[in-house]
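What follows is a short report on a single structure.
Residue numbering restarts at 1 for every chain, and letters A, B, ... go by the order of the sequence lines.
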2 protein chains.
Amino acid sequence: MARAGLTPGRIISAAADLADTDGFENVSMSAVARHFEVKDASLYAHVRNLHELRSGVAVLSLTELADQVGAALAGRAGRDALVAFADAYRSYAMSHPGRYAATQMQLEPQVAEQSAAARHAAMTRAILRGYGLNEPDETDAVRLLHSTFHGFVLLERGGGFSRGPRPASASWERVLDTLHSSLSSWPSS
Amino acid sequence: MARAGLTPGRIISAAADLADTDGFENVSMSAVARHFEVKDASLYAHVRNLHELRSGVAVLSLTELADQVGAALAGRAGRDALVAFADAYRSYAMSHPGRYAATQMQLEPQVAEQSAAARHAAMTRAILRGYGLNEPDETDAVRLLHSTFHGFVLLERGGGFSRGPRPASASWERVLDTLHSSLSSWPSS
DNA sequence: AGATTTACCTAGGAAGTCTAGGAAAGCCCC
DNA sequence: GGGGCTTTCCTAGACTTCCTAGGTAAATCT
């Protein structure tokens, strides 16, 4: 009975890889167990249940995403920061589709708290600092940015932009231009 | 052995209701069978498999959404049309969460073709007619609108805007203002 | 080395998807 | 109104997945 060396971390990491290759909705206890050549029951010593496994992938992905966005953002401001943020966000979603899908999960408040959600919010607000908005405009702008990025990435990944000759990247740049000028000339409320 | 009167249409309609009440991911053959007080095997005479059941809900929802958006759009132009479109879109998503989730499904090309996807694209372009854009600007603008609406609605429904005192509706109006002025002063490429 | 803890096992219940083949309800036609 | 046909729903069962309970062997501690 050789041991496979299971730990919560290794299990969740394997589940995240599986999400990227096979889709987040196909992350199952059985599939992860097969990957480790172990019986599915063995996983329950490390992860409470399927929901916790998926939540684990979500928290991991949120953290990775925050790390990458944070790195891309370092030392930039204004328009540069906006573009760096957006590109980091989009490229994470494109290169890690399953992990990105996991970040959409509805997390229970306490799990969300322990996750990097707060860092995401802080970074988004940091970008806006360069545009000199005050509340509640800043909140509206955060929501606009987040919505646009999220929506674009989801539609692009879902193949929604595949029709027509215009590459998605070209539209993406145009979207960023538009957001930049909207933020620059934000009408005070 | 009284007959339940199953048809593909009634089954898919029941599945759509179930999606709204219990969540799209909980739409299962067994659950629909229970609703009709019928054995799950009986459904397979009308619907090929679970995937086809869900696709059916997606197509149904896309059609309903196109109908409602189309009705809201009738006789409007410019900013009015933009707001009517957006509000119809958002209100469908809020009142029919499960159906809206279904519209996000990845459909195989032929199914998507038979669906109302083309009508959605046409309506979005119709709105833009008032802003006098030319290709490829129009395509970029379609993608911007679609992304923003979609992203906003998803985040709002997922509870992403629940923190803070600012109601989502207030941000929504501000987002629409922003989109309107962006479209009005779209920089020609 | 012996005791304890930890990791993984077997066994099995409950629920879901889907196939194959059977019986009965509703319909057509004489 | 009864015979034959089609459609509708059934039972039975194979296979998968989630998860619990309790057992055994490996690693670790003293």
Side-chain angles (χ1 to χ4, degrees), chain A residues 1-60 98-99 101-102 104-108 111, chain B residues 1-60 98-99 101-102 104-108 111:
Chain A
M1 198 194 294
R3 300 209 175 181
L6 300 179
T7 64
R10 292 194 43 178
I11 289 174
I12 286 171
S13 168
D17 292 344
L18 208 123
D20 283 336
T21 55
D22 293 13
F24 183 62
E25 75 281 3
N26 288 26
V27 170
S28 68
M29 287 294 199
S30 329
V32 173
R34 271 193 297 275
H35 171 263
F36 284 109
E37 292 181 318
V38 140
K39 300 293 170 185
D40 55 335
S42 306
L43 300 178
Y44 289 85
H46 307 277
V47 172
R48 191 188 311 271
N49 52 31
L50 178 62
H51 180 76
E52 199 178 278
L53 175 68
R54 289 183 161 152
S55 299
V57 175
V59 170
L60 170 70
R99 283 168 154 91
Q104 282 180 75
M105 243 189 91
Q106 187 85 342
L107 293 175
E108 24 279 295
V111 178
Chain B
M1 195 194 293
R3 299 208 177 181
L6 301 179
T7 64
R10 292 194 42 177
I11 289 173
I12 286 172
S13 168
D17 292 344
L18 207 124
D20 283 336
T21 55
D22 293 13
F24 183 62
E25 75 281 2
N26 288 19
V27 170
S28 68
M29 287 295 198
S30 329
V32 173
R34 271 193 296 276
H35 171 263
F36 285 108
E37 291 181 320
V38 139
K39 299 294 169 184
D40 55 328
S42 306
L43 300 178
Y44 288 85
H46 308 276
V47 172
R48 191 189 310 272
N49 52 32
L50 177 61
H51 181 75
E52 200 178 279
L53 176 68
R54 289 182 161 153
S55 299
V57 175
V59 171
L60 171 70
R99 282 168 155 89
Q104 281 180 76
M105 242 188 92
Q106 187 86 341
L107 293 175
E108 23 281 294
V111 178

Fill in the blank from the handout: Output for pair (Ile12(A) CD1, Leu53(A) CG), nearest 0.5 Å, gives 6.5 Å
Problem - Donor-acceptor contact below 3.5 Å, side chain Ser55(A) vs main chain His51(A) - result: yes
Handout entry: Phosphate contact (dC9(D) OP1 or OP2) by His46(B) side-chain N/O below 4.0 Å
Key = yes
Problem - Sugar-phosphate, base or nothing in reach of Ser42(B), heavy atoms under 4.0 Å - result: base
Handout entry: Nearest to side-chain heavy atoms of Asn49(A), which nucleotide of dT17(C), dT10(C), dC19(D)
Key = dC19(D)
Handout entry: Rounded interatomic separation in angstrom, taking CE from Met29(B) and P from dT17(D)
Key = 18 Å
Practice task
Please state how far atom CG in Leu50(A) lies from atom C1' in dA15(C), giving the value in whole angstrom units.
Solution key: 14 Å
Handout entry: Whole angstrom value for the distance that separates P of dA7(C) from CG of Leu43(A)
Key = 13 Å
Completion exercise
Asp40(A) has its side chain closest, among dC9(C), dT17(C), dC19(D), to dC19(D)
Exercise for the section: Look at His51(A) and dC18(D) and indicate whether a side-chain polar atom (N or O) is within less than 4.0 Å of OP1 or OP2. Expected result: no
Practice task
Would you mind classifying the nucleic acid contact of Ala4(A) as base, sugar-phosphate or nothing, using non-hydrogen atoms under 4.0 angstrom?
Solution key: sugar-phosphate
Handout entry: N or O in side chain of Arg34(B) less than 4.0 angstrom from dA15(C) OP1/OP2
Key = no
Exercise for the section: Run through Glu52(B), Arg48(B), Arg54(B) and flag the one making a side-chain contact (heavy atoms from CB on, under 4.5 Å) with Leu50(B). Expected result: Arg54(B)
Exercise for the section: Name the closest nucleotide to the Ser30(A) side chain, picking from dT17(D), dC9(C), dT8(D). Expected result: dT17(D)
Handout entry: Between P of dG22(C) and OH of Tyr44(B), the distance in whole Å
Key = 21 Å
Exercise for the section: Check for a donor-acceptor pair, side chain of Asp40(A) on one end and backbone N or O of Ala33(A) on the other, with a separation under 3.5 Å. Expected result: no
Exercise for the section: Calculate the interatomic distance between Arg54(A) atom CZ and dC18(D) atom C1'; express it in whole Å. Expected result: 11 Å
Completion exercise
Contacts of Asp17(B) meeting side chain to side chain donor-acceptor pair (under 3.5 Å) (sequence neighbours excluded), chain-then-number -> Arg99(B)
Handout entry: Rounded interatomic separation in angstrom, taking CG from Asn26(B) and C1' from dA15(C)
Key = 13 Å
Completion exercise
When rounded to whole Å, the NZ to C1' distance for the pair Lys39(B) and dA15(C) reads 13 Å
Practice task
Using whole Å, report how far CG of Leu6(B) lies from P of dG26(C).
Solution key: 14 Å
